Amino acid sequence: AEELEEAAEAAEASARAAGLPDDGGVPRDLRLQALQARAEADAEEVAWKRSVHTVKEAQQTRDLGYDQEARRYACLALGNLCMSVASHACLLEAGLLEAMRGALLVQDLETRFNAAFCLNKLCISDKAGQWDAIGAAGLVMPLVRLVREPDEESRTLGMAVLRRVTATVPENRHEALECGILLPRVLGDAVACRSPEARREAVSLLAHLSTTHRARRLIANSACLMPLLELASSPDPETSRNALGALANLAEDAETHRHLIFKAAALPPLIKLMRSKMLSIVRESSRAVANLLVNWHSHPIFLDENGLMSLFLLARSSDNECQFNAASIYRRLAPNTGTHEAFHTFPDPRGLKKYGLHPLYGLAQLRDESIQSMASGALYYFAANQDWKVDFATSGGLKVMIMLAGEESRELRMLGCGALRHMSLSTRLKKRIVDLGGLGPLFDNSMRAQQPEDVELLTQCAA
């Protein structure tokens with residue numbers, strides 16, 4: 001082709017030198033021959049490359065014992081089939097999980113990625129019991145191995161599958177922990193990475209793992225704790241909600257409180273998030289705070305960080321879960337008499353006094369027994385404080401406790417009568433209790449209590 005092109009250029013030059021007209025005859029024919037020759041050369045080169053590629057593939061197939069490219073596409077095809085929930089039972093019966101286990105155990109990352117893609121589509125539903133079956137088939141360990149890969153897409157897909165299979169199957173959570181899912185280079189790196197999707201999957205997986213009692217201490221001691229706390233304030237609502245849910249689960253174990261309260265200083269940001277405008281964020285942050293307040297060392301921090309304002313806003317919520325969390329926070333603070341002064345002296349935004357317990361009075365009157373039980377337990381302790389019981393009674397606490405003493409629930413009646421017993425010790429309140437009708441519930445409970453389990457209630461009435 002090059003020789004023909006050179007000959008065409010030489011013919012053109014000779015024609016110009018001889019003064020002949022440029023009719024393009026000979027040079028044109030030479031150029032056409034050059035183009036044809038070059039096309040034939042290109043075709044030969046393509047054929048040669050194909051033969052070399054075929055030889056390499058054949059050599060790789062002999063070395064591996066299977067066609068790697070075919071396996072990659074097979075995993076993708078099975079993943080597409082798994083998009084239909086109706087096909088799940090048939091695929092499982094045909095041996096899908098055994099095939100995916102083999103694909104996840106190879107060295108080729110693309111094959112493992114495609115296998116994880118297939119499993120992720122399979123896990124969109126659990127109608128065929130696939131979440132439990134994936135763990136029973138020994139797929140948790142290869143998935144954890146995939147999460148260790150530096151490739152973010154592979155890591156994210158592995159976490160997505162693990163998030164689903166650990167949601168309701170405790171055995172899968174235990175196996176993931178045994179396989180080192182909490183190691184710094186596994187979830188620790190994933191929580192701290194830059195990919196929003198990877199962070200979202202990581203915190204969601206941690207939220208599921210933290211429902212296991214054994215995992216809570218491990219997470220609190222792992223490299224995941226500080227990034228998890230940072231992601232609690234993420235602008236992404238889903239990431240923030242899952243991170244807060246994981247922290248709230250961790251706080252259910254008293255052994256984690258030292259790490260959360262002192263090492264991670266988790267309480268101040270959680271108190272701030274209780275004032276969020278997003279309901280899901282408020283729910284999870286208030287649940288975390290309520291769990292941490294079991295530890296009395298957290299009470300001064302709660303008061304110093306203006307936690308009472310967050311609590312009062314929470315108590316005014318119309319959401320049932322927020323109301324329960326507010327009652328729980330009151331209940332955790334009430335046994336500590338060192339917090340009572342802050343409640344009784346908290347200034348009302350409208351300038352009124354003795355505002356701190358007013359939201360609690362409202363919670364105690366809700367027609368939800370679980371909320372009433374928590375709120376009544378807190379009021380019982382406030383009524384027992386001899387330094388503040390008069391303020392408690394005159395600010396509306398006495399009326400609420402008389403009402404609770406007449407409820408149907410034995411627990412509420414016992415707490416109401418117990419609070420009346422505490423207030424009756426004050427000479428300044430005896431007449432007020434009688435004037436407001438406090439004797440009626442006491443007489444009624446004394447006459448109604450006939451069962452052996454009513455002994456405590458009768459004791460409170462007699463006292």
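Computed from a predicted model, the values in this text were never measured in an experiment.
A heavy-atom distance below 4.5 Å is found between the side chains of Phe262 and His297. With a 4.5 Å cut-off on side-chain heavy atoms, Thr459 and Val455 count as touching.
Note that the CZ atom of Arg199 and the CE atom of Met159 stand 11.0 Å from one another [nearest 0.5 Å]. Note that CG of Leu76 and CG of Leu81 are 11.0 Å apart. Values are rounded to the nearest 0.5 Å. The distance from atom CD of Glu149 to atom CG of Leu109, rounded to the nearest 0.5 Å, is 5.0 Å. Distance CG/Leu206 to CG/Leu231: 9.5 Å, rounded to 0.5 Å. Here CG of Leu425 is found 11.5 Å from CG of Leu420. Values are rounded to the nearest 0.5 Å.
For Glu407, the CD atom sits in a packed shell: over 12 heavy atoms of surrounding residues, nucleotides or ligands are nearer than 6.0 Å.
A ring-ring contact (aromatic ring centres under 6.0 Å, His included) with His340 holds for exactly one of Phe382, Phe392, Tyr330, Phe346; it is Phe382.
Between Arg71 and Asn114, the side chains place no donor N or O within less than 3.5 Å of an acceptor N or O (distance only, hydrogens not considered).
The backbone N or O of Arg241 sits nowhere less than 3.5 Å from a side-chain atom of Glu284 that would complete a donor-acceptor pair.
Glu197 has no carboxylate O lying under 4.0 Å from a charged side-chain N of Arg200, or vice versa, which leaves the two without a salt bridge.
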- Task: Check step by step if side-chain hydrogen bond (donor to acceptor under 3.5 Å, both in side chains) holds for Asn445 and Arg413.
- Result: CA-CA 8 Å; Asn445 285 309; Arg413 285 186 282 132; 3.0 Å; yes
- Apply the test side-chain hydrogen bond (donor to acceptor under 3.5 Å, both in side chains) to residues Ser310 and Arg275: give CA-CA distance (whole Å), side-chain angles for both, the deciding distance (0.1 Å), then the verdict. CA-CA 6 Å; Ser310 298; Arg275 306 169 198 163; 2.6 Å; yes
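Remark: aromatic rings of His422 and Tyr380 are close, center separation under 6.0 Å. Aromatic rings of Trp388 and His344 (six-membered ring for Trp) have centroids within the 6.0 Å cut-off, being under it.
Remark: His88 pairs with no residue by the ring-ring contact (aromatic ring centres under 6.0 Å, His included) rule, at least two apart or across chains. Partners of Asp319 according to the side chain to side chain contact (heavy atoms under 4.5 Å, CB included) rule, which considers only residues two or more places apart in sequence or in another chain, are Leu279, Arg283, Ser317, Glu321, Cys322.
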